[in-house]
Amino acid sequence: MKVNGSHLKGLDYSVVQQCMHCGLCLPTCPTYEATKLERHSPRGRIALMRAIADGQLEATKTFGEEMYYCLGCLACMTACPAGVDYAELFEHARAEVETSGVLRSTKRNIIRSLAIHWLFGSVNRLQVVGRVLRLYQQLGFQTMVRSSGLLRLLPKRLRELEAITPEIQAEFSSERIPAVTAPTGRKRYRVAMLTGCAQDLIFSDVNQDTVEVLARNGCEVITPAEQRCCGSLHAHNGEWKSAQALARKQIDQFPPDQFDAIISNAGGCGSHLKHFHKLLSDDPAYQQRAKLWDHKVKDIHEWLDEIRIEPPRTVSTEQVVVTYHESCHLAHGQKITAEPRRLLRSIPGLQLVELPESTWCCGSAGIYNLIQPEMANELLVRKLNHIRTTRATVVATGNPGCLLQLINGAKKEGLSMRVVHPVTLLAEAYRKNQTHNA
Ligand code: SF4
Ligand code: SF4
């Protein structure tokens, strides 16, 4: 809700005044750690937000830049003994930046209109762009352009962006997953599976693995072909109204009273999907359903742990060393840390080695690596250095942004590690069991 056109003034004051300035969050904040400047710390940012909420400060360009220098990684929330809801403050602060227009510029407006509204506002448009990109990659044009030296003519920033263009999958989720997947054996649950937007284009194989593992453990899985973006990108980038509209569409498409669980396999989306009652707090028509929705949304690791899956059986003596990088929004946003580890440990032949600073952001942070490439790259290098010390050949992580960031990082540094979603490792283990039995 806005008061006098301000998101922060309209925010529940009990959230605004929670911070007691103790500073315990400071060492966990990547931007403070990099600069040692108070304004780049959670405490400094919260003070700015409160000053605006109290009417002592107007939003300025500097405030806007500060809010976009923050990763939104939520590590400060885990560290905070006072229970400050930084996630809510952060989303309202970014909405304040957008409604006040302090960062407005023609270039920024065009990019945001194209990316956030046009592209991510419709999965159909996203898929059309995905298909064009897929053709460009499959027909060898990308390889040709890359080896021709033409890219050297582009500005440095565009060259960097081209280098991290994701590989589009040969088939999208709707082409590889039926609308209804029957459980193997006795039906225990009926669940909906959210295939996502970017996830669908880049990691539809992970969606297929997720459905397979769910079905293997007694779930009937409902996966409609036409799905929409959950709105997490919009909420994290200050587009409050669009995020609300997309949340309503999710609830309409997946009525929460019809499912035992609504499954997300993307840490960043799951963190957003679990707070629809806050996002729609000013909409009485959706309030009750939004509360039930929040209760039914489960991250895939959380759900599989809760329903106690049948562990895959050992079929070979091969040992693989795996390490686990924690998606910020899975670890800090959803507090899911033990469940992915338990799932990984249930896989025969997998040796889980702990990653130093496993919860430190890898620099992906939604679209942070696109808007703050330097800081994102520093974080990526730090992450890869830690991964090297584990000597793992496989890195597991439960969020598409992290998967992509680490895949690109490994490629850039010539590391031969495999980066994979934990559910894929589980699906592969079940498939090995099937092959062995055949
Ligand atoms: S969200 Fe992350 S980057 Fe932002 S203030 Fe909190 S710890 Fe720092
Ligand atoms: S956000 Fe929490 S940990 Fe950080 S200064 Fe405020 S009360 Fe302390």
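Counting starts at 1 for both ligands and their atoms, in listed order.
Distances below 4.0 Å separate heavy atoms of L71 from the following atoms of ligand 1: 3 (S), 4 (Fe). For ligand 2, the atoms closer than 4.0 angstrom to any heavy atom of C80 are 1 (S), 2 (Fe), 3 (S), 7 (S). Close approach of ligand 2 to I46 is summarised as follows: ligand atoms under 4.0 Å from at least one heavy atom of the residue are 1 (S). Taking every non-hydrogen atom of G72 and a distance limit under 4.0 Å, the qualifying atoms of ligand 1 come out as 1 (S), 4 (Fe). Each of the atoms 1 (S), 2 (Fe) of ligand 1 lies under 4.0 Å from some heavy atom of L74.
At a cut-off of 2.8 Å, C29 is counted among the residues with an N, O or S atom near atom 8 (Fe) of ligand 1. Residue contact annotation: C76 places an N/O/S atom under 2.8 Å from atom 6 (Fe) of ligand 1.
At a 4.0 Å heavy-atom cut-off, ligand 2 does not touch L26 at all. No part of Q18 comes within 4.0 Å of ligand 2, judged by heavy-atom distances.
For the pair R45 and F63, the cation does not sit on the ring face, since its NZ or CZ is not both under 6.0 Å from the ring centre and inside 45° of the axis. Relative to the six-membered ring of Y68, R108 meets both conditions, a distance below 6.0 Å and an angle of at most 45° to the axis.
Between the CZ atom of R39 and the CG atom of L48 there is a distance of 9.5 Å, given to the nearest 0.5 Å.
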